[in-house]
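A short worksheet on the structure shown next.
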Amino acid sequence: MTIAPISPEPALVAGLDAYRSLPAKQQPAWPDADAIEAVRTELSTLPPLVFAGEVDILRDRLAAAAAGNAFVLQGGDCAETFAGATADQIRNRVKTILQMAVVLTYGAAMPVVKMGRMAGQFAKPRSSDTETREGVTLPAYRGDIVNGFPFTPESREADPQRILRGYHMAASTLNLVRAFTQGGFADLREVHSWNKGFAKNPANARYEALAGEIDRAIRFMEAAGANFDELRAVEFYTGHEGLLLDYERPMTRVDSRTGLAYDTSSHFQWIGERTREVEGAHVDFFSRVRNPIGVKLGPSTTPDDMERLVDRLDPDREPGRLTFITRMGAGRIRDALPALLEASKSLESTPVWITDPMHGNGITTRNGYKSRRFDDVVDEVRGFFEAHRAVGTFPGGLHVELTGDDVTECLGGSEHIDEAALESRYESLCDPRLNHMQSLELAFLVAEELRA
Ligand code: PEP
Ligand code: MN
């Protein structure tokens with residue numbers, strides 16, 4: 001009798017480390033090579049955060065969005081922090097996304113794929129490796145999974161132990177997200193009653209009519225005997241920027257069902273605008289995992305760049321595999337997006353097209369805050385719909401930086417947040433987020449567009 005050998009690593013996994021010999025942008029300078037290797041080894045033995053089967057279901061859901069039969073909503077912090085992983089803040093963010101999703105579901109008359117920028121959105125790309133304050137230069141803050149925000153040499157040194165802490169923070173966040181979305185908190189009637197509260201506010205009178213329509217639709221469903229027990233739980237997925245390769249690679253596992261590699265740090269990862277070069281480490285690494293992958297596309301993206309990304313990341317032209325998240329800026333989208341959409345038609349690829357109306361609309365206010373104008377955000381979303389309408393492609397979703405709390409980080413909205421108000425509650429360590437009210441307002445405006 002021969003004992004079967006332990007099965008060798010499948011071929012796909014053999015190339016998984018090819019990225020290590022390619023240029024990788026935006027990676028921290030770890031002070032101690034042995035320490036980071038020890039952390040990678042430990043992380044690779046810890047349980048996966050998501051199950052490969054869930055990732056496959058998400059790919060199917062995204063395939064529906066690619067085909068024009070579903071709409072995607074991605075939302076959450078620019079940078080999650082360890083201190084911000086509290087029950088209240090997680091609940092408020094989930095609640096905001098659920099409220100937006102109900103409005104969008106009604107507006108689109110389609111399922112909405114709900115995804116948090118949550119449970120892993122800890123690593124940040126930076127425009128400079130260093131930061132100088134009053135003549136002192138230190139490494140830039142790269143997110144809580146790398147170093148600390150306080151401006152001291154100790155805190156700004158990259159600490160590999162933070163990767164393990166990030167994993168545990170992601171695990172506990174995801175646990176609570178699963179509890180909220182499966183345990184009754186997401187009940188459609190409950191979520192709708194929160195929206196009624198929003199629309200009752202005189203500042204939001206404009207949205208009362210739509211909220212009233214949704215109310216009648218729900219009462220109709222009730223009268224017709226719809227099974228509301230089935231509407232007490234929702235599918236909710238997680239996604240984050242796949243940036244820190246010393247986190248993503250050790251979280252990648254071979255699925256015992258299929259023998260294929262899955263990055264189990266979250267269901268979905270996207271490659272950022274700063275790390276999407278076709279010959280770089282990020283594109284190579286994510287080309288080898290089965291997760292649905294996103295890529296951010298800024299206004300300078302050429303049709304040729306896009307085509308090469310499609311060839312690397314979606315060689316089999318598999319619906320749901322690839323999502324393009326465009327972040328052009330309100331002033332650029334109407335010029336920059338149509339050419340890409342047009343070019344995509346001849347590639348036989350069907351990416352999901354999502355608008356990120358945040359990252360192309362940054363401003364610095366006179367009193368020194370990084371902010372965004374709500375009106376610019378709305379204008380970019382309108383430009384996104386116009387571009388798709390003109391070319392005949394499907395506007396598949398919305399990606400926003402938001403919080404469920406009443407922060408004052410973005411200007412405008414029905415509460416008329418002005419520059420002075422930014423001082424009262426600006427909490428983001430990175431980019432400014434829409435607050436709870438601004439997020440709902442955006443959802444109502446997008447729902448109106450979807451009906452148009
Ligand atoms: C982000 O999503 O926070 C981000 C850094 O985006 P981008 O890669 O589009 O600049
Ligand atoms: Mn951001």
Side-chain angles (χ1 to χ4, degrees), residues 24-28 72-81 84 93 97 115-129 140-146 149 238-245 247-248 266 268-278 280-283 286 293-301 305-306 309 313 323-330 332-333 336-337 340 351-364 369-373 376-377 380-381 384 397-403 407 409-410 426-435 438-439:
K25 289 195 179 152
Q26 299 284 344
Q27 304 305 291
V72 182
L73 173 63
Q74 299 179 315
D77 285 328
C78 176
E80 286 182 286
T81 61
R93 241 175 302 147
I97 295 170
M115 197 189 299
R117 270 180 77 112
M118 289 177 80
Q121 178 52 27
F122 292 121
K124 296 309 298 174
R126 303 316 306 245
S127 48
S128 166
D129 286 343
Y141 171 63
R142 290 190 175 277
D144 273 10
I145 200 164
V146 172
F149 187 72
T238 55
H240 61 256
E241 179 171 349
L243 180 69
L244 182 64
L245 294 166
Y247 182 62
E248 305 302 336
S266 57
F268 179 93
Q269 296 88 24
W270 72 87
I271 303 171
E273 166 74 355
R274 293 178 181 81
T275 50
R276 64 168 168 76
E277 58 292 324
V278 178
H282 291 82
V283 169
F286 287 106
I293 297 299
V295 186
K296 294 279 200 98
L297 299 180
S300 61
T301 313
D305 295 335
M306 183 197 67
L309 285 165
L313 291 166
T323 295
F324 282 132
I325 306 168
T326 62
R327 28 88 86 222
M328 304 285 179
R332 302 284 301 274
I333 187 161
L337 185 56
L340 298 182
V352 182
W353 290 99
I354 291 183
T355 178
D356 162 0
M358 314 297 294
H359 287 91
N361 294 313
I363 56 165
T364 302
Y369 287 94
K370 243 174 126 178
S371 190
R372 291 159 176 156
R373 290 190 188 89
D376 291 340
V377 169
E380 178 152 0
V381 174
F384 173 76
L398 176 66
H399 179 116
V400 274
E401 289 184 340
L402 60 77
T403 165
V407 301
E409 298 174 3
C410 291
Y426 194 105
E427 295 176 4
S428 177
L429 299 189
C430 271
D431 293 335
R433 303 158 296 178
L434 299 179
N435 67 20
Q438 289 168 328
S439 302

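A quick note: this is a predicted structure, and the numbers were derived from the prediction, not measured. Just so you know, ligand 1 is whichever comes first in the structure, and atom 1 is the first atom listed for that ligand.
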Identify which one of Arg142, Glu241, Arg126 satisfies the side chain to side chain donor-acceptor pair (under 3.5 Å) criterion when paired with Gln26.
Arg142
Measure the CD1-CG distance between Ile354 and Asp356 for me, rounded to the nearest 0.5 Å.
9.5 Å
Under 4.0 Å from a heavy atom of Arg117: give me the atoms of ligand 1 that qualify, with their elements.
1 (C), 2 (O), 3 (O)
Enumerate the atoms of ligand 1 whose separation from the nearest heavy atom of Glu401 is less than 4.0 angstrom.
1 (C), 2 (O), 3 (O)
Assess whether salt bridge (charged side-chain N to carboxylate O under 4.0 Å, His left out) is satisfied between Glu80 and Arg93, documenting all intermediate values.
CA-CA 11 Å; Glu80 286 182 286; Arg93 241 175 302 147; 3.7 Å; yes
Report the atom name of the nearest N/O/S atom of Glu401 relative to the Mn ion (ligand 2).
OE2
Has Cys78 got an N, O or S atom lying less than 2.8 Å from the Mn ion (ligand 2)?
yes
Can you label the angle between the Phe149 ring and the Tyr141 ring as parallel, tilted or perpendicular, going by 30° and 60°?
perpendicular
of all protein heavy atoms, closest to atom 8 (O) of ligand 1 is Glu273 N, 2.9 Å
Residue Asp431 atom name (nearest to the Mn ion (ligand 2); N/O/S):
OD2
Side chains of Thr301 and Arg276: donor-acceptor distance under 3.5 Å anywhere?
yes
At what distance is the nearest protein heavy atom to atom 3 (O) of ligand 1, and which residue and atom is it?
Lys124 NZ, 2.8 Å
CZ (Arg274) with more than 12 external heavy atoms under 6.0 Å:
yes
Going by atom types alone, do Glu380 and Asn361 pair a side-chain donor with an acceptor below 3.5 Å?
yes
Of the protein's non-hydrogen atoms, which lies at the shortest distance from atom 6 (O) of ligand 1, and what is that distance?
Lys296 NZ, 2.8 Å
Gln121 side-chain N/O to Cys78 backbone N/O, donor-acceptor pair under 3.5 Å:
yes
How long is the straight-line distance from CG of Leu244 back to NE2 of His282, given to the nearest 0.5 Å?
8.0 Å
Could you list which atoms of ligand 1 come closer than 4.0 Å to a heavy atom of Cys78?
3 (O)
Enumerate the atoms of ligand 1 whose separation from the nearest heavy atom of Gly272 is less than 4.0 angstrom.
8 (O)
Report the nearest protein non-hydrogen atom to atom 1 (C) of ligand 1: residue, atom name, distance rounded to 0.1 Å.
His359 NE2, 3.0 Å
Enumerate the atoms of ligand 1 whose separation from the nearest heavy atom of Arg327 is less than 4.0 angstrom.
7 (P), 9 (O), 10 (O)
Closer than 4.0 Å to some heavy atom of Pro125 - which atoms of ligand 1 meet that?
5 (C)
